[in-house]
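All remarks here apply to the structure that follows.
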Amino acid sequence: MTEAARAAAADPAGSRIDGSVPLDHGVPHGQPVLDNLVALLDLERIEENIFRGVSPAESPVRVFGGQVAGQALVAAGRTVPEDRSVHSLHAYFIRPGDPSIPIVYEVDRTRDGRSFTTRRVVAVQRGKAIFSLSASFQLEEDGIDHQEPMPEVPDPETLPSYGELAGEMLKKLGRAQPRPIDVRYVTDPPWERRDSDDRQARSQVWMKADGSLPDDPLLHVCMVAFASDLTLLDAVLARHGVYWGLDKVSGASLDHAMWFHRRFRADEWLLYDCASPSASGARGLATGRFFSRDGRLVATVVQEGLLRVNQ
């Protein structure tokens, strides 16, 4: 944890936004906001296999799915030898989390094999499970290697920031929550496609942690797990010309799976290429691929979300 993150841990809800925090068209961002997220992921160990986490004071009415997934992965990783890296996770969002109270993470040490380690984590509030995660860790091995090519897209520096794109919309919605992840839209954002003929079920963004992170591989993976839930369902919404807060659409993540293929840094630009192959039964399916800037496929994501649109 950085020194700035240790200071942020004194305010674990991450609610101290003062003059030291830069603003992008009213959106707090930058290293101080990122350090609060790092502190948020630095769970308190209560017992050998039990950890406790909190939510930011500026949270919406329920805990953000990427937060609970990232915290659960931290809990799992802290019971695994450092020479084993997470290669996959599968999670279910069971109940809405209450951001006003702590979340307890209970880790089951399912298996410790010669090459693989498996952990199961249950997140609990008020005695009930709100989230469950299974994660598998592996000793690094050599083997066959191939990947799909990275799409050709503009460089992130040539694209507008999130604040520049979303400033007017956020004024209309009356909120500008801190953004620890720098997001640059390659495709038009879904709120701009509501009245457009471009209704492709696709979303492409560059993203990275908005600052510098310490050299902790688990933290970088957990940061991308957090970020993966930010724009994934954009591909579903764009196809139907609706967006959160601007239309009568409500929803939540139902399940989330990730596979980590190659090492990466979350504080360097990653292309998040997302598509939606199907939506039915008030559920939308989205897939995502993370590419490093040099074209390596580093992670794959699949999520199904609950999406209800009232006409």
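In the model, Asp98 has no side-chain atom that pairs as donor or acceptor with a side-chain atom of Gln125 under 3.5 Å. Side-chain atoms of Tyr243 and Asp234 form no donor-acceptor pair, as typed in the model, at a separation below 3.5 Å. In this model, no donor atom of one side chain and acceptor atom of the other lie less than 3.5 Å apart for Arg119 and Thr110. Under 3.5 Å, the side chains of Gln71 and Tyr105 contain a donor-acceptor pair of N or O atoms. Side-chain contact, His29 with Asp24: no donor N or O sits under 3.5 Å from an acceptor N or O.
No donor-acceptor pair closer than 3.5 Å links the side chain of Trp206 to the backbone N or O of Arg293.
By the ring-ring contact (aromatic ring centres under 6.0 Å, His included) test, Phe93 pairs with Phe131, sequence neighbours left out.
Atom CZ in Arg202 sits 8.5 Å away from atom OG1 in Thr287 (nearest 0.5 Å). Atoms CG and SG, on Leu40 and Cys222 in that order, are 12.0 Å from each other to the nearest 0.5 Å. The CE atom of Met223 sits 8.5 Å away from the CG atom of Asp267 when rounded to the nearest 0.5 Å. Atom CE of Met258 and atom CG of Asp229 lie 10.0 Å apart (nearest 0.5 Å). Here the straight-line distance linking atom CG of Leu232 with atom OG of Ser253 works out to 8.0 Å at 0.5 Å rounding.
The cationic atom of Arg184 (NZ for Lys, CZ for Arg) does not lie both less than 6.0 Å from the six-membered ring centre of Tyr162 and within 45° of the ring axis.
For CZ of Arg308, the number of neighbouring non-hydrogen atoms (other residues, nucleotides, ligands) closer than 6.0 Å is 12 at most.
In terms of heavy-atom proximity, Phe260 sits nearest to Ser88 at CD1-N, 4.3 Å. Heavy atoms only, all atoms of each residue included: Arg296 and Phe264 are closest at NH2-CA, 4.5 Å. Annotation for Ala227 and Tyr272: closest pair O-CE2, 4.5 Å, computed over non-hydrogen atoms. Across Ser55 and Pro99, no two heavy atoms sit closer than the pair CB-O, 3.6 Å.
Separation of the Trp191 and Tyr185 ring centroids falls under the 6.0 Å cut-off.
Under the salt bridge (charged side-chain N to carboxylate O under 4.0 Å, His left out) test applied with Glu140, the options Arg262, Arg263, Arg84 reduce to a single match, Arg263.
Ring-plane geometry between Phe116 and His87 is classed as perpendicular, the angle between the planes exceeding 60 degrees on a 0 to 90 degree scale with a lower cut at 30.
Other members of the cluster containing Ile50 are Ile46, Val104, with ILVMFWY side chains joined at under 4.5 Å, either directly or via other members.
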